[in-house]
Amino acid sequence: MDWGTDLWDQHEAIEKHTQNGLDLVERYVKFVKERTEIEQNYAKQLRSLSKKYARRGKDDQESKFSSYQAFQDVLSELSDYAGQRELVAENMTLNICVELTKYLHDLKQERKTYLGDIKKAQQNLELSLKQLENSKKRFEKEWKEAEKANQQSEKVEQDTNSTKADVDKAKQQAFARMHTADECKNDYASQLQKYNREQNQFYYADIPTIFNKLQQLDERRIRKLAEGYVLFAETEKKVMPIIGKCLDGICAAGSNTSEKQDSLAVIEMYKTGIERPADIEFEDYSQGAKPTASENTHTLPKVRIKNIFKGRHKPPPSSSILPDHAHAIINSHTHSKFSHIPISYCLRSLRRPLKYKNVSMATSRPMVSQKDHRSVVSEDYSHLPPEQRKKHLQQKIDDVSKELQKEMDQSEALSKMRGVYEQNPQLGDAASLEPQITQTSQNIGKLKGELAKYETWLNEASGLTTVFNDQETSAGYISVLSGPVTAQPLDDVYEDGFGEFDEDVDEPVGQCTALYNFDGSSEGTVSVQEGEQLSVMEEDQGDGWMRVRKSNGDEGYVPSSYIKIS
């Protein structure tokens, strides 16, 4: 079925129908545009929602709980889901809106051309019809004039008064009029045939051809619009597998949540390692005698329970957690002159260099005064409970080890590069690498010193117990270090009774040279300059520190990695 055959007389209807079809395409494009705006706004709101509830910064505590991590996974999957909604909007814009808009523009231009051809054909046919009517009117007029001329000629010929000349003139006029009428008749006939041909061409060829082209245009428009309908759904279907994976990820996040794991994480995070307070012993006042202060040296002092539950992670000042050898030393001298020496005097004496006899200390970390206690606490985490302190120290060791490995790798690379430059001077100057190599070596030395320092503190945390009581808290603190200490009388440790410590001058065990500058800001340490000659007073016992003496007599500890033994 063709429009040109069946709808040859429905020009206005076809024109209106094709225009409505183009309007439908335009409406669909607007519909898809609004749909994409909805998708974009939806995706934007989803992203904002996900960002609003996402964890800000690096919260190590929350990352240890599966329920917290699962919620972050849900937010991450939701963000990916929002990305798929944005992809839907983008594909709809490109594949539907842009394509249909361009196609609609082409259809409008083509339809305009076809309608222009129809209008031109109609104008030509109307012009031909006008010429036909003009020739017909002229033929009609000339024929009437010719008849009048014939009648006049006959009238003159019948008139007896007319001369021969009058008769001949009348006949000539009649003949001329007849000849003109014949010419108009022939022109009229010619115009009639021409019009009929053009009319047949218009109705049987031109109009059907143009209408068929408009039919094809409309069918192409419908087919393209149908493809747009399909793309509307296909665009959504293409992202459904990924959206399904996002939803599966959310389900997996919920499934991976473990209440037991979170409970263990709570224990791991907040476990202090502090022993529970021991039972308070019964004090029998009916015996009439109270135990002496020296006899109660090893008993539990009073514990402020409210401080424990307020989260003040202060180790309980209990002597029950002292090593056995410490009990042996203290209990062996609970009487006699130990009970008569003020604790403040002991603390002052402990700050001076001591020469111990038959006592092996577990570490040679520099002593720290009460003045510097606050700054060191923040560095060695001694303000934390034992378990938390060990955890933080281990984390610090891991971080320093990573930095040390980076510096060592860089040092190795610089060394290789220097070797290449030395063998091939045209590639570069080996001397230009010396500052970097020196700086890297200094960094390695500093990091090794820090690593040894934190490893020492970690070893202390594994066997260190700090004894607190009311007097010691005000005057300072005494650290009793676990180690192979033999229980001996205090006379073997201190000479000349308890009044004075053995302060004999130590002899150097060797000579050394400082490789780097060391500020020696902590008490117990000494500042040295690069290249300075020093005397080794005490070698490294495995904790990364070495005691040295300067030429001016100052003594103190420096990192072993900063020293080169001569």
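The structure presented is a predicted model; accordingly, all values stated were derived computationally and were not measured.
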Test of ring centre spacing under 6.0 Å for F518 and Y557: no
Side chain to side chain, [X] and [Y], heavy atoms closer than 4.5 Å:
{"X": "K238", "Y": "N91", "result": "no"}
{"X": "E227", "Y": "V230", "result": "no"}
{"X": "M546", "Y": "Y562", "result": "no"}
{"X": "V536", "Y": "I565", "result": "yes"}
{"X": "K33", "Y": "T93", "result": "no"}
{"X": "R220", "Y": "E110", "result": "yes"}
{"X": "K396", "Y": "E450", "result": "no"}
{"X": "N256", "Y": "S66", "result": "no"}

Polar side-chain atom of [X] near backbone of [Y] as donor-acceptor pair, under 3.5 Å:
{"X": "E532", "Y": "Q529", "result": "yes"}
{"X": "Q215", "Y": "W3", "result": "yes"}
{"X": "S415", "Y": "S411", "result": "yes"}
{"X": "T235", "Y": "F232", "result": "no"}

Residue pair E460, K390: steps toward the side-chain contact (heavy atoms from CB on, under 4.5 Å) verdict: CA-CA 9 Å; E460 289 180 1; K390 288 189 288 184; over 6 Å; no
Mutual orientation of the aromatic rings belonging to Y454 and W457 [parallel < 30°, tilted 30-60°, perpendicular > 60°]: perpendicular
Hey, what do you get for [atom1] ([X]) to [atom2] ([Y]), rounding to the nearest 0.5 Å?
{"X": "K448", "Y": "S401", "atom1": "NZ", "atom2": "OG", "value": "12.0 Å"}
{"X": "S441", "Y": "L515", "atom1": "OG", "atom2": "CG", "value": "9.5 Å"}
{"X": "R223", "Y": "D218", "atom1": "CZ", "atom2": "CG", "value": "11.0 Å"}
{"X": "T440", "Y": "Q442", "atom1": "OG1", "atom2": "CD", "value": "9.0 Å"}
{"X": "F31", "Y": "R27", "atom1": "CZ", "atom2": "CZ", "value": "11.0 Å"}
{"X": "Q405", "Y": "D409", "atom1": "CD", "atom2": "CG", "value": "4.5 Å"}

Sequence neighbours excluded, every pair satisfying salt bridge (Lys or Arg N to Asp or Glu O under 4.0 Å) that has a member inside residues 428-443: R418-E434
Closest contact, heavy atoms only, [X] versus [Y]:
{"X": "E77", "Y": "I250", "result": "CB-CG1, 3.6 Å"}
{"X": "A514", "Y": "I563", "result": "CA-CD1, 4.1 Å"}
{"X": "G449", "Y": "S561", "result": "N-OG, 3.5 Å"}
{"X": "I118", "Y": "F211", "result": "CD1-CE1, 3.3 Å"}
{"X": "Y229", "Y": "L24", "result": "OH-CD2, 4.3 Å"}
{"X": "R111", "Y": "L217", "result": "N-CD1, 3.6 Å"}

Stepwise side chain to side chain donor-acceptor pair (under 3.5 Å) test for N443 and Q439: CA-CA 6 Å; N443 294 339; Q439 182 64 38; 3.1 Å; yes
Any donor-acceptor N or O pair under 3.5 Å, side chains [X], [Y]:
{"X": "D399", "Y": "Q395", "answer": "yes"}
{"X": "Q216", "Y": "N212", "answer": "no"}
{"X": "S67", "Y": "D262", "answer": "yes"}
{"X": "E455", "Y": "N459", "answer": "no"}

All N/O donor-acceptor pairs, side-chain side in residues 38-51, below 3.5 Å, sequence neighbours left out:
{"from": "E39", "atom 1": "OE1", "to": "R85", "atom 2": "NE", "distance (Å)": "3.0"}
{"from": "E39", "atom 1": "OE1", "to": "R85", "atom 2": "NH2", "distance (Å)": "3.2"}
{"from": "E39", "atom 1": "OE2", "to": "R35", "atom 2": "NE", "distance (Å)": "3.0"}
{"from": "E39", "atom 1": "OE2", "to": "R35", "atom 2": "NH2", "distance (Å)": "2.7"}
{"from": "E39", "atom 1": "OE2", "to": "R85", "atom 2": "NH2", "distance (Å)": "2.8"}
{"from": "N41", "atom 1": "ND2", "to": "E37", "atom 2": "O", "distance (Å)": "3.1"}
{"from": "R47", "atom 1": "NE", "to": "E86", "atom 2": "OE2", "distance (Å)": "3.1"}
{"from": "R47", "atom 1": "NH1", "to": "S79", "atom 2": "OG", "distance (Å)": "3.2"}
{"from": "R47", "atom 1": "NH2", "to": "E86", "atom 2": "OE1", "distance (Å)": "3.3"}
{"from": "S48", "atom 1": "OG", "to": "K44", "atom 2": "O", "distance (Å)": "3.0"}
{"from": "S50", "atom 1": "OG", "to": "L75", "atom 2": "O", "distance (Å)": "2.8"}

Under 4.0 Å between a side-chain nitrogen and a carboxylate oxygen: does that hold for [X] and [Y]?
{"X": "E555", "Y": "R547", "result": "yes"}
{"X": "D248", "Y": "K245", "result": "no"}
{"X": "K446", "Y": "E407", "result": "no"}

More than 12 heavy atoms from other groups under 6.0 Å of CD on E12: no
Residue pair L458, I397: steps toward the side-chain contact (heavy atoms from CB on, under 4.5 Å) verdict: CA-CA 9 Å; L458 180 61; I397 290 174; 3.6 Å; yes
Stepwise side-chain contact (heavy atoms from CB on, under 4.5 Å) test for V526 and V548: CA-CA 8 Å; V526 64; V548 299; 4.0 Å; yes
Expected list for residues 96-106: side-chain donor-acceptor pairs under 3.5 angstrom, two or more places apart:
{"from": "T101", "atom 1": "OG1", "to": "C97", "atom 2": "O", "distance (Å)": "2.5"}

side-chain contact (heavy atoms from CB on, under 4.5 Å) between F65 and V266, worked out: CA-CA 8 Å; F65 298 104; V266 173; 3.2 Å; yes
